[in-house]
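Only one structure is covered here, and it is reproduced in the block below.
For the numbers below, each heavy atom of this structure counts, side chains included, while hydrogens, waters and symmetry mates do not.
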Amino acid sequence: MATRTLIKHALASAAPRDAILIQGWVRTRRDAKGFSFLELNDGSCLASLQVVADADIPGHDQIHRLTTGAAAAVEGRLVASRGAGQKWEVHATRITVVGEADPSYPLQKKGHTMEFLRTIAHLRPRSNLFGAVFRVRSRLAFAVHQFFQERDFVHVHTPIITGSDCEGAGELFRVTTLKGRPDENPGTDFFGKPTYLTVSGQLEGEAFACALSNIYTFGPTFRAENSNTARHAAEFWMIEPEMAFCDLAGDMDLGETFLKAMARYTLDHCAEDLALFARFVDRSVRDRLAFVIERPFQRVPYTEAVEILKRSGRPFAFPVGYGLNLQSEHERFLTEDHFKCPVTVFNYPREIKPFYMRANNDGKTAAAMDLLVPGIGEVIGGAQREERLDVLLANMRQHHLREQDYSWYADLRRYGTVPHAGFGVGFERLLMFLTGIPNIRDVIPFARTPGSADF
RNA sequence: UCCAGAGUAGCUCAAUGGUAGAGCAGCCGGCUGUUAACCGGCGGGUUGCAGGUUCGAGCCCUGCCUCUGGAGCCA
């Protein structure tokens with residue numbers, strides 16, 4: 001018996017082949033009097049492979065069992081197709097039913113809504129759209145590593161369980177082995193103190209940047225916020241580069257280069273799947289990616305962004321003014337209407353930013369930056385870190401943080417401190433931007449959101 | 001968590017307060033180098049849950065649940 005050929009390789013074949021083995025799942029079957037058509041898909045690519053099975057070959061007497069969703073193996077010859085719509089097809093010499101599909105198989109040949117497919121998250125990767133989404137997700141995860149590895153960044157696995165509960169990045173999930181109320185006696189808990197799922201690997205990432213120079217993390221991140229939007233999940237993956245001997249300008253450079261590289265990679269390596277998104281999800285997705293690659297991003301200080309918003313004459317629902325956070329509607333106006341391209345807003349007021357961000361010399365602003373993109377909003381948030389021990393400790397006091405909880409973090413400023421900077425990218429938000437998929441639940445295999453942890 | 005909208009067959013949707021329907025899917029049969037195939041037939045429902053109003057509720061009222069869109073928080 002021949003070894004298995006993936007359908008993507010069969011379809012890319014340069015010449016006919018006498019013996020080929022295809023294994024996959026039946027998308028549809030059409031029976032004629034003396035033969036049957038089978039469409040097999042194995043997920044290796046978007047396209048299915050057409051199989052022609054004459055009625056007299058071994059296994060054809062069982063072909064009625066190959067309904068939509070069933071698993072099958074086909075041995076045969078790869079030949080040029082007589083029909084329109086595909087270059088190659090397989091003329092079967094043997095058909096094997098590997099696993100039948102019950103008639104209740106929920107995926108039909110016609111289109112389904114995203115909402116319905118979410119309820120069958122274990123089966124939706126067998127649909128064209130979700131097969132494409134998760135192939136692209138895999139390729140982009142690889143592209144992330146390639147981007148940083150090529151630039152001599154070291155991948156660091158920062159901890160998922162953390163003892164620090166006040167990083168200021170939202171609500172945390174408690175991790176405990178205690179029954180009942182863990183807060184009543186945290187000293188008896190597994191780690192001897194309260195522990196949580198991480199909301200960011202940044203602080204640990206800084207420690208490694210202050211040793212290995214350029215590092216990045218890429219791992220799961222958890223937020224117990226009761227956020228119910230198309231852009232939030234309780235469990236998501238975050239990429240966090242951190243660079244020693246780097247200031248905010250270098251940080252913004254990397255963020256923009258990174259986003260352009262991801263757009264370039266998607267266009268170059270995911271063309272077939274991207275075409276599907278363009279047809280069914282977001283007509284303009286390829287134009288947007290090309291635009292991101294070609295055009296320089298805009299950079300605007302927060303103060304100037306506020307002035308632009310004030311001058312716009314737009315009747316915003318939320319007030320605009322120095323010291324106020326930019327709301328979604330403001331960010332959207334800047335990137336979608338005013339600049340019409342990705343925008344990096346930088347130098348935010350210190351009061352609205354966390355303790356670890358570096359205070360600028362004006363005494364009012366922090367060296368923070370947010371990269372905003374049309375349709376999504378913030379995909380990258382970063383900052384130059386406060387490397388001066390005295391300023392850091394003063395910031396911590398202002399934020400009512402206990403110094404002993406961050407002594408190791410302060411140590412980084414005691415021993416050979418250096419200017420350093422980094423940012424965080426939500427991997428799923430990046431995927432949403434690159435694919436045009438509008439809901440974060442549809443770019444993560446099994447989404448965890450408030451009230452929902454199925455599968 | 002707040003605001004708005006929606007829950008009817010496996011899916012997508014109809015149905016003035018008066019016997020709950022269609023298309024698709026499924027099953028059976030026919031036909032065809034077919035490709036979201038086509039033609040005929042068959043089965044399929046506690047109308048999200050719990051109350052209430054009414055002679056009578058899928059429809060009106062109350063509460064709850066779930067989902068969707070938007071907002072807040074953020075990545």
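For the pairing with A/Tyr216, the ring-ring contact (aromatic ring centres under 6.0 Å, His included) check across A/Phe427, A/Phe208, A/Phe148, A/Phe258 returns one residue only, A/Phe148.
Side-chain contact between A/Tyr322 and A/Thr365: present, with at least one pair of heavy atoms (C-beta onward) separated by less than 4.5 Å. Looking at heavy atoms from C-beta onward, A/Pro220 lies out of side-chain contact with A/Phe236 at the 4.5 angstrom threshold. For the pair A/Arg29/A/Ile63, a side-chain contact is recorded, criterion being any heavy-atom separation below 4.5 Å from C-beta on. At a threshold of 4.5 Å between non-hydrogen side-chain atoms, the residues A/Met432 and A/Pro438 do not count as touching.
Centroid-to-centroid, the aromatic rings of A/Tyr196 and A/Phe222 stay 6.0 Å apart or farther.
Nearest to the side-chain atoms of A/Val52 among the listed nucleotides B/U68, B/G33, B/U1 stands B/G33. Candidate nucleotides B/U68, B/G26, B/A75 were compared by shortest atom distance to the side chain of A/Pro103, and B/G26 ranks first. Across B/U68, B/A71, B/G70, the shortest atom-to-atom separation from the side chain of A/Arg332 is found for B/A71. Of the candidate nucleotides B/U34, B/C11, B/G72, B/G72 has the atom nearest to the side chain of A/Gln327. Among B/C73, B/U35, B/A37, the nucleotide with an atom closest to any side-chain atom of A/Lys109 is B/A37. Picking from B/U68, B/C73, B/G72 the nucleotide with the shortest atom distance to the side chain of A/Thr229 gives B/G72. Listed candidates were B/C11, B/C31, B/U68. Nearest to the side chain of A/Lys33 is B/C31. Which of B/G72, B/A75, B/U68 sits closest to the side chain of A/Phe318 comes down to B/G72. Of the listed nucleotides (B/U68, B/A75, B/U34), B/A75 has the atom at the smallest distance from the side chain of A/Met238. Closest approach to the A/Phe116 side chain among B/U12, B/U34, B/A71 is made by B/U12 (side chain taken as heavy atoms from C-beta onward).
The P atoms of B/C11 and B/G48 are separated by 13 Å, rounded to the nearest whole Å. Of the C1' atoms belonging to B/G23 and B/G18, the separation is 27 Å, rounded to the nearest Å. Taking atom C1' on both B/A6 and B/G58, the two are 14 Å apart, rounded to the nearest angstrom. Between the C1' atoms of B/G10 and B/G17, the separation comes to 30 Å (whole Å).
At least one side-chain nitrogen or oxygen of A/Ser328 sits closer than 4.0 Å to the OP1 or OP2 atom of B/G72. Distances shown here put every side-chain N or O of A/Arg30 at or beyond 4.0 Å from the OP1 or OP2 atom of B/C31. A sub-4.0 Å separation between OP1 or OP2 of B/G70 and a side-chain N or O of A/Asn228 is absent. Within the structure, every side-chain polar atom (N or O) of A/Thr28 is placed at least 4.0 Å from both OP1 and OP2 of B/U35. The phosphate of B/U68 has OP1 or OP2 within less than 4.0 Å of a side-chain N or O from A/Arg118.
Stacking between A/Phe236 and the base of B/A75 is present: ring centres sit under 5.5 Å apart and the planes differ by under 30 degrees.
Pair assignment for B/C74 gives none, since no Watson-Crick or G-U wobble pairing has each distance under 3.5 Å. As the counterpart of B/U62, B/A50 is assigned, both hydrogen-bonding distances of the Watson-Crick or G-U wobble pattern falling under 3.5 Å. Base pairing analysis places B/U34 opposite nothing; no Watson-Crick or G-U wobble pair with both distances below 3.5 Å involves it. When both distances must be under 3.5 Å, the Watson-Crick or G-U wobble mate of B/C67 is B/G5. Pairing of B/A57, defined by two Watson-Crick or G-U wobble distances under 3.5 Å, is not identified with any nucleotide.
The base of B/A75 does not come close enough to the side chain of A/Arg231 for any donor and acceptor atom to sit less than 3.5 Å apart. Evaluation of atom-type donor-acceptor distances gives a pair under 3.5 Å for the side chain of A/Glu89 against the base of B/G33. A donor-acceptor contact under 3.5 Å links the side chain of A/His232 to the base of B/C74. Taking only distance into account, the side chain of A/Ser227 meets the base of B/C73 through a donor-acceptor pair shorter than 3.5 Å.
Cation-pi geometry between A/Arg126 and A/Phe130 is not satisfied (NZ or CZ under 6.0 Å from the ring centre, within 45° of the ring normal).
Per the geometry, CZ belonging to A/Phe316 stands 18 Å off P belonging to B/G70, to the nearest Å. A/Glu428 has its CD atom 14 Å from the C1' atom of B/C74, to the nearest Å. The interatomic distance linking A/Glu331 (CD) with B/A75 (P) rounds to 11 Å, in whole Å.
Residue A/Tyr105 is classed as having no contact, given no heavy-atom separation below 4.0 Å to the nucleic acid. Using a 4.0 Å heavy-atom criterion, one finds that A/Glu115 contacts the sugar-phosphate atoms exclusively. Using a 4.0 Å heavy-atom distance criterion, A/Leu430 is classed as making no nucleic acid contact. Residue-level contact check: A/His64 touches neither bases nor backbone, having no heavy atom under 4.0 Å from any strand.
Contact check on A/Glu39 versus A/Arg30 returns a salt bridge, with a Lys/Arg side-chain nitrogen under 4.0 Å from an Asp/Glu carboxylate oxygen.
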